[in-house]
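See below for the structure under consideration.
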Amino acid sequence: MKAKKVLASVLAASMVLGATAVTASAEDAKSVEGMTVAFIPKVTGNAFFESANDGAQEYAEKWGITVEYMGNAVAGAAEQVEVIHQAINSGVDAICISTVDAAGVSDALKEATDAGITVCTWDSDANVEDRGLMVSQGTPEVLGKMLVDMGADGLTKRGKDPAKDAIKYCWHYSQATVTDQNSWQVAGEAYIKETYPNWENVAPDNYYSEQDSEKAVTVGAAVLSDHSDIDLIICNDSTALPGQLSAAQNAGLTKDDITITGFASPNSIKDFCKAGTLYEWGLWDCKIQGALGCYVAAYLAAGNEVAVGDTISVPEIGDLTVEANDCISEGAETAEKNNGVVLLPERVVFDESNMDDYNF
């Protein structure tokens, strides 16, 4: 797989409205100007979330909304509940949150809704009944396949044959309660079983480092210690990937000794790539995702209503189609109005040939 955009850009044809949908044009929609959105990441200090906030602030100025970046340096449900309560008490119009634990923040999000605050999600979902719209980076099938394909490509580049060799691999990410990462892992496992039946998952219970940068290094070291002959480590978390790469560097390993890949912002991984620790990794434009999360939250808070199949026209970005919740969560129901998913159509694979084209 060459380092290139896996799907079209934000303004691509996949975002064009279908024939039967209803378009909420910028002229018809109620203005978002003056809305205040509490933008809540899983954890502060992480390059992915900080970049998403940069994008949200940049576009918020153009839209005339206020984005209050509210988070905690510790990633946990209790910490997020505290931040949600802060947002409620500050009187924001909307909350846009990337949850650490959907169940753990459920009651707090219900409190926000009861207080008249619109709740939307981005990056990592809440329970679908606890929020309005979710701005998702892609379906589990798309993202699970992408993670595995990047791993297979890295294996090939260092002389392995993913289709024939007995590959030993494992997953290292944040925790078992994070909805999005677990859905990608489940979809990735299904794709591996179908495409690479010769691969062996040496740690079926996975490795978790709880969105903690220091723990990501120690857990990464444990992976290498527990499985000295491991071929591939997939890190579907933006803290786990740099931590695992640091552990590999500390052990004197390069991309020709072990294949490590996953999701993280380009700026957080460039130095590892330059040092020869990995071939490639991927992500999506988290600046756009952060901005869109805040916009759709402000859009609903302003009194606009949408249903599945409707399109939201976002100034400066483009048209977004509202999808049913089951596109990212099998069996999930979707309420008749102001509930559903907006998908980002763009994913990018980074390597030394293109990584400097991106600055986030």
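Every heavy atom of this structure was used, including side-chain atoms; hydrogens, water molecules and symmetry mates were not.
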- prompt: Linking I/L/V/M/F/W/Y whenever their side-chain heavy atoms sit closer than 4.5 Å, directly or via other members, would F39 and W284 fall into one cluster?
  reply: yes

Result for salt bridge (Lys or Arg N to Asp or Glu O under 4.0 Å) between K160 and one of D231, D165, D257 points to D231

(message) So that I can tick it off, tell me whether E141 and K145 are bridged by a salt bridge, with the cut-off set at under 4.0 angstrom between side-chain N and carboxylate O.
(response) no

Item to complete: May I ask you to check whether N53 and Q57 show a side-chain donor-acceptor distance below 3.5 Å?
Response: yes

Heavy-atom closest pair (C327 atom, T139 atom, distance to 0.1 Å) is O-CG2, 3.3 Å

N338-R131 side chain donor-acceptor pair, cut-off 3.5 Å = no

Looking only at heavy atoms, the pair that brings N198 and A163 closest together is OD1-O, 3.7 Å

In terms of side-chain heavy atoms, does N267 have a donor or acceptor partner in S265 at a distance below 3.5 Å?
no

Q) Has the side chain of S228 got a donor or acceptor atom that lies under 3.5 Å from a matching backbone atom of S225? A) no

Rounding to 0.5 Å, atoms OH (Y59) and OH (Y295) come to a distance of 13.0 Å

Note to self: One thing to verify: whether K157 and E280 come together as a salt bridge, which I'm taking to mean a side-chain N less than 4.0 angstrom from a carboxylate O.
What the structure shows: yes

### Message
Walk me through whether L241 and I269 qualify under side-chain contact (heavy atoms from CB on, under 4.5 Å).
### Response
CA-CA 8 Å; L241 181 57; I269 305 297; 4.0 Å; yes

Here the gap from L292 atom CG to I317 atom CD1, rounded to the nearest 0.5 Å, amounts to 4.0 Å

Legend entry - Distance-only donor-acceptor check, side chains N325 and S329, under 3.5 Å: no

Query raised in the report: Is there a donor in the side chain of N46 and an acceptor in the side chain of T239, or the other way round, less than 3.5 Å apart?
Result: yes

Requested in this report: Using the six-membered ring wherever Trp is involved, compare the ring planes of W171 and Y169 and label them parallel, tilted or perpendicular (cut-offs 30° and 60°).
Outcome: perpendicular

salt_bridge(D114, K110) N-O dist < 4.0 Å: no

Q. Strictly by modelled atom types, are S106 and D130 linked by a side-chain donor-acceptor pair under 3.5 Å?
A. yes

What about the rings of Y299 and W63, do their centers lie closer together than 6.0 Å? no

Tightest non-hydrogen contact, residues W184 and P140, listed as CD1-CA, 4.0 Å

query: Does Q80 use its side chain to pair, donor to acceptor, with the backbone of V100 at less than 3.5 Å?
result: yes

Separation between CD (Q86) and CD (E68), nearest 0.5 Å, reads 11.0 Å

Side chains of T311 and D319: any donor to acceptor distance under 3.5 Å?
no

Between the CD1 atom in I84 and the CG atom in D107, the distance rounded to the nearest 0.5 Å is 10.0 Å

Check your understanding: Would you call K42 and D101 a salt bridge, using N to O less than 4.0 angstrom?
Key -> no

_Keeping S246 on the side-chain end and P242 on the backbone end, is there a donor-acceptor pair under 3.5 Å?_
yes

Could you state whether V32 and V322 fall into the same hydrophobic cluster, counting links through intermediate Ile, Leu, Val, Met, Phe, Trp or Tyr residues with side-chain heavy atoms under 4.5 angstrom apart?
-> yes

Output for pair (E58 CD, E316 CD), nearest 0.5 Å, gives 9.0 Å

CD (E214) with more than 12 external heavy atoms under 6.0 Å:
no

Review point. Between E50 and Y69, do the side chains contain an N or O donor and an N or O acceptor separated by less than 3.5 Å?
Key: yes

**Asked** Going through the distances and angles, do V37 and T66 end up as a side-chain contact (heavy atoms from CB on, under 4.5 Å)?
**Response** CA-CA 6 Å; V37 181; T66 299; over 6 Å; no

ask   = Is a side-chain donor or acceptor of D310 paired with a backbone partner of A307 at a separation under 3.5 angstrom?
value = yes

Interatomic distance, CZ@R347 vs CE@M146, rounded to 0.5 Å, equals 7.5 Å

Just by distance, do the side chain of D93 and the backbone of T36 share a donor-acceptor pair under 3.5 Å? yes

Kindly indicate, with the supporting measurements, whether the criterion side-chain contact (heavy atoms from CB on, under 4.5 Å) is fulfilled by V341 and L343. CA-CA 6 Å; V341 175; L343 293 172; 3.8 Å; yes

- Query: Counting only N and O atoms by type, is there a donor-acceptor contact under 3.5 Å from the side chain of N339 to the main-chain atoms of G132?
  - Reply: yes

In terms of heavy-atom contacts, L232 and G151 come closest through CD1-CA, 3.7 Å

Test item: S238 side-chain N/O and F263 main-chain N/O as donor-acceptor pair under 3.5 Å: no

**Study point:** Side-chain (N127) to main-chain (E129) donor-acceptor, under 3.5 angstrom
**Key:** no

Would you kindly say whether Y208 and D237 are connected by a side-chain donor-acceptor distance under 3.5 Å?
-> no

Just by distance, no angles: are the side chains of Q137 and D123 close enough, under 3.5 Å, to form a donor-acceptor pair?
yes

Using 30° and 60° as the class limits, which term best fits the ring planes of Y207 and H227: parallel, tilted or perpendicular? perpendicular

Report yes or no: does N304 contribute a side-chain atom to a donor-acceptor pair with the main-chain N or O of A29 at less than 3.5 Å? no

Check your understanding: So Y173 and N182, side chain to side chain donor-acceptor pair (under 3.5 Å) or not? Walk me through it.
Key -> CA-CA 9 Å; Y173 55 109; N182 282 279; 2.8 Å; yes

Over 60° means perpendicular and under 30° means parallel, so tell me whether F350 and W281 are parallel, tilted or perpendicular.
tilted

Do any N or O atoms from the side chain of T277 and from the backbone of C273 form a donor-acceptor pair under 3.5 angstrom? no

Next on the checklist: In this structure, would V308 and V342 fall into the same cluster of hydrophobic residues linked by side-chain contacts under 4.5 Å?
Outcome noted: no

Next on the checklist: Does K337 have more than 12 heavy atoms from other residues, nucleotides or ligands lying within 6.0 Å of its NZ?
Outcome noted: no

